[in-house]
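Counting starts at 1 for both ligands and their atoms, in listed order. Note that the structure is predicted; figures quoted are calculated from it, not measured. No hydrogens, no waters, no symmetry mates; every other heavy atom, side chains included, goes into these values.
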Amino acid sequence: MTTETLEFQAEARQLLQLMVHSIYSNKDVFLRELISNASDALDKRRLAGLTEERLRTDDLHIALALDPDARTLTVRDNGIGMTREEVVGLIGTIARSGTAETLRRLRESKEPAELIGQFGVGFYSTFMVADKVTLLTRKAGEPTGTRWESAGEGTYTVEEVADAPEGTTVTVHLRPEDGEDGLHDYTDLATVRRIVKRYSDFIAFPIRATATEGAEEQVLNSMKALWARPRAEVAEEEYREFYRHVAHDWTDPLETISLRAEGTFEYEALLFIPARRPHDLFQRDGRHGVQLYVKRVFILEDSRELLPDHLRFVKGVVDAADLSLNISREILQQDRHIQLIRRRLAKKVMATVKEMMTGDAEKYRTFWREFGPAVKEGLLDPAEDRKAILDVASFASTAGEEPTSLADYVARMKDGQDKIYYMTGESRAQVENSPHLEAFRAQGYEVLLLTDPVDEIWVEGVPEYAGKEFSSVARGAVDLPAEEVSEERTGSYAPLLGWLGETLTEVKEVRLTSRLTNSPACLVSAADGLTPTLEKMYRAMGQDVPTARRILELNPEHPLVDALRAAHQERAEDPSLAETAELLYGTALLAEGGDLADPARFAKLLADRLARTV
Ligand SMILES: Nc1ncnc2c1ncn2[C@@H]1O[C@H](COP(=O)(O)OP(=O)(O)OP(=O)(O)O)[C@@H](O)[C@H]1O
């Protein structure tokens with residue numbers, strides 16, 4: 001049968017390079033990756049066996065063969081196997097999205113080993129210890145198998161083989177042992193046992209090893225489902241390894257949550273809150289959700305049904321006793337018990353975060369930095385427990401550098417203040433310097449600075465917290481207790497305001513405000529209008545929204561505004577007044593970080609003016 005030589009896809013080649021020339025300290029993890037893949041393949045076979053009776057599933061296992069003479073370590077499973085196309089598609093390329101991101105991070109990271117396994121580079125890690133890898137596989141039920149081989153350089157070979165056993169055998173041709181380089185002797189049973197115990201003890205299938213040809217087989221792992229063991233009996237290290245297995249994340253989780261429900265509908269759950277967000281947290285096709293088991297049998301990966309979407313970063317396992325083994329995703333979505341589990345798990349996760357908030361501020365800060373933007377998405381759904389989400393939220397604020405909780409904000413509210421003031425925008429710096437905050441600052445009102453894209457949206461739909469309404473400082477009329485602008489004053493401004501309203505076609509209305517203390521003017525959105533950021537977001541999503549005309553507010557205390565009023569009174573026909581009006585409007589737009597429609601014209605007007613003053 002012919003052997004074909006194929007090239008690795010470009011990104012795959014780059015990743016391989018990183019592996020082959022790796023300077024990563026912990027090379028042992030390659031074995032964990034191979035065992036993890038074998039375990040996944042066994043899970044899939046067991047699942048297929050539920051519907052296809054001809055598939056035998058009575059002796060699913062992983063076998064390790066150590067051969068010191070040939071310097072090979074072989075990892076064999078009798079799992080689902082791969083077709084030729086799958087071998088080429090899955091091993092020769094990196095199918096997952098986010099590869100560019102992976103590579104960038106791998107290159108930049110000081111400890112790149114931490115990233116291995118996070119993005120599906122698992123199999124390639126064998127090239128840290130091997131100078132050649134041979135993979136022989138036959139898909140369950142297929143007549144022939146495939147042999148794949150590579151030295152980890154630019155190419156690999158594939159050929160059809162007639163007599164491959166079902167499942168997958170990976171033979172690692174080991175490089176010479178090099179203690180200094182962290183390359184151990186992986187043909188030594190004690191070494192292999194240590195690695196298996198450390199990383200793969202909980203694997204649900206027996207991992208059998210034979211040290212030499214003809215020697216007796218030994219089972220190296222305990223196979224105990226971690227979630228079924230009482231928490232007090234499980235070492236933190238075991239939880240951590242299990243987390244790595246289910247989450248494909250090398251860093252330790254922030255929190256481990258275990259939970260058991262007894263009664264009419266029994267289930268056990270072991271959940272983890274990661275310490276950092278996965279690169280695909282905000283991608284539609286990202287790996288989200290927890291694994292579903294039924295009576296210790298793996299059923300579904302990434303079951304989004306078991307937790308609400310805004311908690312999609314939570315990893316782990318739910319093992320339900322009373323579901324049918326061939327439950328489908330469609331049924332899951334409608335199952336009443338699943339909905340109950342989902343509610344209970346969400347509650348438990350939120351309670352854990354709440355405890356973190358009061359008990360471990362540092363941990364909470366990490367959590368909120370990494371996952372806050374996702375958690376806040378839950379506020380968009382009126383059916384969610386919005387209070388529970390707001391209770392664990394924190395926001396940047398004008399009160400200080402550290403983010404504040406809403407409870408703390410409310411506790412600090414001034415006498416007579418009945419609203420929670422906020423301002424949305426694209427960055428803290430932009431929002432903080434915006435003129436809209438002036439009077440609030442001057443009068444000592446704290447304002448929340450909301451700069452995540454999702455903030456723009458949830459504030460629209462969430463009416464209050466602790467009985468206090470949310471109120472934007474850049475929207476509608478300001479309602480701070482301020483000295484009323486006297487009627488006489490208002491009257492004297494009436495002609496200017498009317499004229500400006502006609503001259504500046506971009507604005508909907510021109511009015512006086514008590515919102516400003518230093519700036520001459522600012523722009524505010526109408527109480528029911530879109531903010532500029534929201535407008536931009538809708539456009540970015542491809543929606544056609546008309547440009548909202550905003551309100552220009554003037555500070556009657558400002559000398560420029562007062563002078564403009566006087567000038568308009570004296571010489572209403574003077575054409576330079578319209579230019580001043582344009583400059584005033586442009587400055588208000590710039591001050592809030594907005595974009596001028598015609599920056600060149602603005603610059604020219606300003607330069608002409610300045611020329612006259614120097
Ligand atoms: N022993 C095996 N049996 C069957 N399929 C396998 C086996 N090993 C790997 N594969 C297939 O090849 C794919 C790629 O494997 P690889 O280890 O590179 O990444 P991964 O396992 O998907 O991701 P990660 O390493 O993050 O878990 C797997 O998803 C699986 O479909």
Output the list of atoms in ligand 1 that are nearer than 4.0 Å to some heavy atom of D77, sorted by atom number. 1 (N), 2 (C)
Once you restrict to heavy atoms under 4.0 Å, what part of E86 touches ligand 1? Side chain, backbone, both or neither. neither
Can you tell me how far the CD atom of Q9 sits from the CD1 atom of I91, to the nearest 0.5 Å? 12.5 Å
I'd like to know if the side chain of D322 and the backbone of E266 have a donor-acceptor N/O pair within less than 3.5 Å. yes
Would you kindly specify which portion of T137 sits under 4.0 Å from ligand 1, judged on non-hydrogen atoms: side chain, backbone, both or neither? neither
Distance under 6.0 Å and angle within 45° of ring axis: R231 vs Y239: yes
Do T168 and ligand 1 have an N or O pair less than 3.5 Å apart? yes
Is a salt bridge present between D455 and K376, judged by a nitrogen-to-oxygen distance below 4.0 Å? yes
Is there at least one pair of N or O atoms, one from N37 and one from ligand 1, spaced under 3.5 Å apart? yes
Where ligand 1 meets F123 - atom numbers and elements under 4.0 angstrom, heavy-atom basis: 16 (P), 17 (O), 18 (O)
Before giving the answer on salt bridge (charged side-chain N to carboxylate O under 4.0 Å, His left out), spell out for D185 and R71 the whole-Å C-alpha distance, their side-chain angles and the decisive distance to 0.1 Å. CA-CA 9 Å; D185 181 6; R71 291 215 43 79; 3.7 Å; yes
Ring-ring centroid check F205 H61, cutoff 6.0 Å: no
Proximal ligand 1 atoms for E33, defined as those under 4.0 Å from one of its heavy atoms: 25 (O)
